[in-house]
Amino acid sequence: MPGNRTTDPAAPAALAAGAAGAAPAPLEQIRRRAAIVRNETLRLIEVAKSGHYTSVFSAAELLAALYSGVLRLADDPEWPDRDRLVLSKGHVAVGVYPLLAEHGYIPAELLDQYTRLGNPLGDHPDMRRVPGIDFSSGSLGHGLSIGVGMAQAARMRGYGSRIWVLLGDQELNEGQIWEAAQAAGHFGLGNLVAIVDRNQMGLDGLTEDVMTVEPIGDRFRAFGWRVVELDGHDPAAVWETLTAVPATDTTTPTCLVAHTVKGKGIGYMELSRTWHLGYLAPPDATDAARELEGFHA
Amino acid sequence: MPDAPPAFRAPLPSDPASWDMAASERLANAAVAGEVLADLADADDRIVVLTADLKFSNRTVDFERRHPRRFLNVGIAEQHMVTMAAGMATFGYVPYVATFASFVGLLCAEQLRTDLAYPGLPVRVLAHHAGISLGFYGTSHHATEDLGLLRAMANMTVICPCDAASTERALRTTVDHDGPIYFRLGRGREPDVHAPGAPAFEVGRLATLRDGGDLAIVANGVTVAPALAAAEQLATEGVEATVLDAHTIRPFDAETLCAVAARSGRLLVAEEHNVVGGLASACADALVDGGVGGVRLARAGMPPDEYALIGPPTHLYRHYGLDADGLAARARALLDR
């Protein structure tokens, strides 16, 4: 495409910077939804008897804010002009399903049979089975390329959609992430936002012990991105940062590095290598639910 | 395994279709995809074309010249290209991604499966210079395993046209196809088998190019022309061969294959692929699943445990018995002549 760095003149003038616009920060709603994400994750993994508690807990406030007015959505999950959310760290899906149910995209009863034979809700999300899921994911390293394709297409179509991609931090080891990062910079996709859930851990341990991902900000800046760091567990900081991203007709993609704690909310899971995948038997789950109650109070 | 592959045969010095630029230029230019897609895109704003720093090799530059705003060069980043196209398809685009078959059919196998086939998105892959058609560029640039991978992918359609006319018809016929398609193309300078404007291309059906009752030769892509030439040779010896163009590998037309094989009980499969996993395997599957017994099957292709020698492509075809002489010899052996 010639003039890759310029804005597509066919694109409409800046649409609302986010559905929220200048609305007051819905901090209570974000807190309430973050609690739903964690509590429901506990409950659903009890059904599945195996799941990614800690990768959801680190992203709870981010997901809560996205579904509390950051994402521009409509009642129709297929509304063409909506924002897209690509769950590149697909294992966070168990924390997203309860929000989709709350949004009315899926019936809440589906949650009760999470992962059971024939239920559309699996550990990794399937766009063909679950309304509100914008792309099927689970194989790490793909999501940013999906986001680049969506952002390029949205621009060519003249849609005001913003494309959000939720990335894991250890996922940044995947080479395809950087193929996508260079393309986003080259094509000038200001309508693309990557959120890195910087929860400090991969499966085998701390990211910097397993395989270095730092300096994340400098890496993205080197590919032409604008980078903002934030506390990913502070509802006010999350709201403020996510609603302050540039207009969709600008030409610099944004990377938000959200500093979080893997397992946030359950003391013994926080930064614990052994809890990437796990299962809490009923008495432990009850204790965990009680601890979360205190955490969210 | 069926009959052993032929012993080494030196290339003919007078081979008219050698990897000689001058000779090559005289062959029909089957690198038509760029122009055909540009024509289609005139009336269809869903069509976009992506390539990975190969626009001159695959002639997608012909598309770029006419539709520069719908052409995206992603640089040497094939995996990103496939996945990015999937993202574009969710916005109603019909993306065509083009690069060497080795770098998309093999390098991007997981992206093809997870991002195109699994969600069933209408992305088309132009996997060109397939098989051993890049000759002395070596095994890194050969794709002799891609059909095996692609045949096992649910939702995937796999089409292997044999010349310019087939490529054009295959592209035009499938624009509105719902899921992903892998077009396995040659190096773009294949001899013409079909006249331009030949009858409509029917996806999923074996095309009968010649009819004979002594044996059937099943070919696709670059092996169709030599299969027809071999049949001509055999005819002069009183042997009549049916020649089938198996341009669609997936879904495979098992019904026609079984009917044809049952007629003579002799089937020669010619493919520019390892003899495991590709067209011959598709035929064998069809025969067994269809309960057709007693068919002798000979596989002409890359031997199961070899990577190609270094050599000009047409010399390699001859060495591996994929030229007319080689196929005719295999046919005679199959008929115990």
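Quick note: numbers below take in every heavy atom, side chains included, and nothing from hydrogens, waters or symmetry partners. Source: prediction; values computed, not measured. Here is how names work: the chains are called A, B, and so on, in the same order as the sequence lines, proteins then strands, and each is numbered from 1.
- Distance check: B/Q111 CD to A/S145 OG gives 8.0 Å after rounding to the nearest 0.5 Å.
- The number of heavy atoms from other shown groups lying within 6.0 Å of CD1 (B/I76) does not exceed 12.
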Stepwise side-chain hydrogen bond (donor to acceptor under 3.5 Å, both in side chains) check, A/H142 with B/Q79: CA-CA 9 Å; A/H142 293 215; B/Q79 296 164 83; over 6 Å; no
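- A 6.0 Å sphere centred on CG of B/D305 holds no more than 12 heavy atoms belonging to other residues, nucleotides or ligands.
- Only the side chain of B/V48 comes within contact range of chain A, with at least one heavy atom under 4.5 Å from a heavy atom of that chain.
- Heavy-atom pairs under 4.5 Å with chain A peak, among B/A86, B/P119, B/A85, at B/P119.
- Within the 4.5 Å cutoff, side-chain heavy atoms of B/R70 are placed close to those of A/M156.
- Taking both residues in full, the closest heavy atoms of A/Q182 and B/A77 are given as NE2-CB, 4.2 Å, listed atom of the first, atom of the second, then distance.
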Full working for side-chain contact (heavy atoms from CB on, under 4.5 Å) between A/L144 and B/M84: CA-CA 8 Å; A/L144 199 54; B/M84 178 178 173; over 6 Å; no
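- By the neighbour-count criterion of 12 heavy atoms within 6.0 Å, atom CZ of A/R129 is sparsely surrounded, having that number or fewer from other residues, nucleotides or ligands.
- Heavy atoms of other residues, nucleotides or ligands lying less than 6.0 angstrom from CG of A/D76 number more than 12.
- A cation-pi arrangement, defined by a distance under 6.0 Å to the six-membered ring centre and an angle within 45 degrees of its axis, is absent between A/R128 and B/Y118.
- The distance from atom CG of B/L121 to atom CE of A/M127, rounded to the nearest 0.5 Å, is 5.0 Å.
- Residues A/F135 and B/D115 share a closest heavy-atom pair of CZ-O, 3.6 Å.
- Closest approach of A/Q176 and B/H80 over heavy atoms only: NE2-CA, 3.6 Å.
- Residue-environment remark: CD (B/E255) stays at or below the threshold of 12 foreign heavy atoms within 6.0 Å.
- Annotation: salt bridge (charged side-chain N to carboxylate O under 4.0 Å, His left out) contacts of A/E174 (sequence neighbours excluded): none.
- Annotation: cation-pi geometry satisfied between A/R84 and B/F91 (NZ/CZ under 6.0 angstrom from ring centroid, within 45° of ring axis).
- Looking only at heavy-atom pairs under 4.5 Å with chain B, the residue among A/D134, A/D126, A/I163 that has the most is A/D126.
- Residue contact with chain B, scored on non-hydrogen atoms closer than 4.5 Å, is absent for A/A151.
- Within the model, atoms CG of B/D45 and CZ of A/R157 stand 5.5 Å from one another, a figure rounded to the nearest 0.5 Å.
- Within 6.0 Å of atom CG in B/D53, more than 12 heavy atoms from other residues, nucleotides or ligands are found, so the atom counts as buried in its surroundings.
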Derivation of the side-chain contact (heavy atoms from CB on, under 4.5 Å) call for A/Q152 and B/M88: CA-CA 7 Å; A/Q152 179 67 36; B/M88 296 189 78; 4.0 Å; yes
